[in-house]
Amino acid sequence: MKETLKPGIRYEHKFTVPSSKTVPALYPEAKEFQVMPEVFATGFLVGLLEWTCIKAVIPHIDWPQEQTVGIHIDVSHEAATPPGLEITVTAELTEVKGKKLVFNVEAHDGVDRISKGQHARFVINKEQFDSKLSKKQI
């Protein structure tokens, strides 16, 4: 972790929603999802919020040897977004406690605010993480 990894880091990320990021695409094996509206899925929203936070801190860690993994998410999903709309996500690092990072996140689709909340991530050493994970695999 670099000395520049401090609260106040902000990042904005834009993403245009494709059909492949809608509810029916979330779990193709789930027949229940197949009949639901073709709108941006909450599962993909969470991933987009995580992606924005990752991009925010990459310049402030020893990437790719150091990476971050999500450890907590507490966000709303307030409005439906159809494919074709561009989502703007903003993330602000609000707290650094050792290797734990806490972000305020918000997303807007150009019409409505679609999400707001907090996301926490943890800085890992990729090699050590992969080594520990390999012991868990069957």
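Just so it is clear, the model here is predicted, and its values are computed rather than measured.
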Is Lys116 close to Glu78 at the side-chain level, that is, under 4.5 Å between some pair of heavy atoms?
yes
Hydrophobic cluster membership, Ile114 vs Val111, 4.5 Å side-chain cutoff:
no
What closest approach, in Å, do Ile61 and Lys2 show between heavy atoms, and which atom pair accounts for it?
O-CE, 3.5 Å
What pair of heavy atoms forms the shortest contact from Gly84 to Thr16, and how long is it?
O-CG2, 3.6 Å
Kindly work out whether a path of hydrophobic side-chain contacts (I/L/V/M/F/W/Y, heavy atoms less than 4.5 Å apart) joins Leu85 to Phe15.
no
Hydrophobic cluster membership, Ile73 vs Leu101, 4.5 Å side-chain cutoff:
yes
Do Lys21 and Phe44 meet the cation-pi criteria used here (NZ or CZ under 6.0 Å from the six-membered ring centre, within 45° of the axis)?
yes
Side chains of Pro83 and Pro18: closer than 4.5 Å at any heavy-atom pair?
no
For Pro37 and Val23 the tightest heavy-atom approach is O-CB, 3.6 Å
One pair to check against side chain to side chain donor-acceptor pair (under 3.5 Å): Glu38 and Ser19. What are the steps and the verdict?
CA-CA 7 Å; Glu38 191 177 348; Ser19 293; 2.9 Å; yes
With the side chain counted from C-beta on, respond yes when Leu49 and Val75 share a heavy-atom pair under 4.5 Å apart, and no when they do not.
yes
Can you measure from CD1 (Ile54) to CH2 (Trp63) and round to the nearest 0.5 angstrom?
6.5 Å
Among Lys100, Arg121, Lys99, which residue satisfies the side chain to side chain donor-acceptor pair (under 3.5 Å) criterion with Thr68?
Arg121
Heavy-atom side-chain proximity of Gln65 to Lys126 below 4.5 angstrom:
no
NZ/Lys132: more than 12 non-hydrogen atoms of other groups inside 6.0 Å
no
Test item: side-chain donor near acceptor, Gln118 and Asp74, under 3.5 Å
no
When rounded to the nearest 0.5 Å, the distance separating CG of Asp109 from CD of Glu86 is 10.5 Å
Could you give me the CA-CA distance, side-chain angles and deciding distance for Val57 and Tyr11, then say whether side chain to side chain contact (heavy atoms under 4.5 Å, CB included) is met?
CA-CA 9 Å; Val57 299; Tyr11 192 83; over 6 Å; no
Take Glu92 and Ile9 through the test side chain to side chain contact (heavy atoms under 4.5 Å, CB included) and record every step on the way to the result.
CA-CA 6 Å; Glu92 180 176 359; Ile9 293 169; over 6 Å; no
Kindly indicate whether the side chain of His72, heavy atoms from C-beta on, has any atom under 4.5 Å from the side chain of His119.
no
Verdict with reasoning, Gln67 to Ile58, per side chain to side chain contact (heavy atoms under 4.5 Å, CB included):
CA-CA 8 Å; Gln67 297 181 11; Ile58 282 176; over 6 Å; no
What's the shortest heavy-atom distance between Pro82 and Val17, and which atoms?
O-CB, 4.1 Å
Taking Glu12 first and then Lys14, would you say they form a salt bridge - that is, a charged N and a carboxylate O separated by under 4.0 Å?
yes
From CA spacing to verdict: side chain to side chain contact (heavy atoms under 4.5 Å, CB included), Leu48, His13
CA-CA 9 Å; Leu48 182 60; His13 184 65; 3.7 Å; yes
If you link I, L, V, M, F, W and Y whenever their side-chain heavy atoms are under 4.5 Å apart, who else ends up in the same group as Phe129?
Val69, Ile71, Phe122, Ile124, Leu133
Would you mind reporting whether Pro59 and Thr4 have side-chain heavy atoms less than 4.5 Å apart?
no
Heavy-atom pair with the smallest gap, counting every atom of Met36 and Pro24
O-CG, 3.6 Å
Closest approach of Pro7 to Thr94 (non-hydrogen atoms, all atoms of both residues):
CB-O, 3.6 Å
Nearest-0.5 Å distance, CD1 of residue Ile87 to CG of residue Leu45:
6.5 Å
same_hphob_cluster(Val123, Val102) at 4.5 Å side-chain heavy-atom cutoff
no
One should read off an interatomic distance between Asn104 CG and Leu93 CG, to the nearest 0.5 angstrom, of 9.5 Å
Hey, are Thr42 and His77 close enough side-chain-wise for a donor-acceptor pair under 3.5 Å?
yes
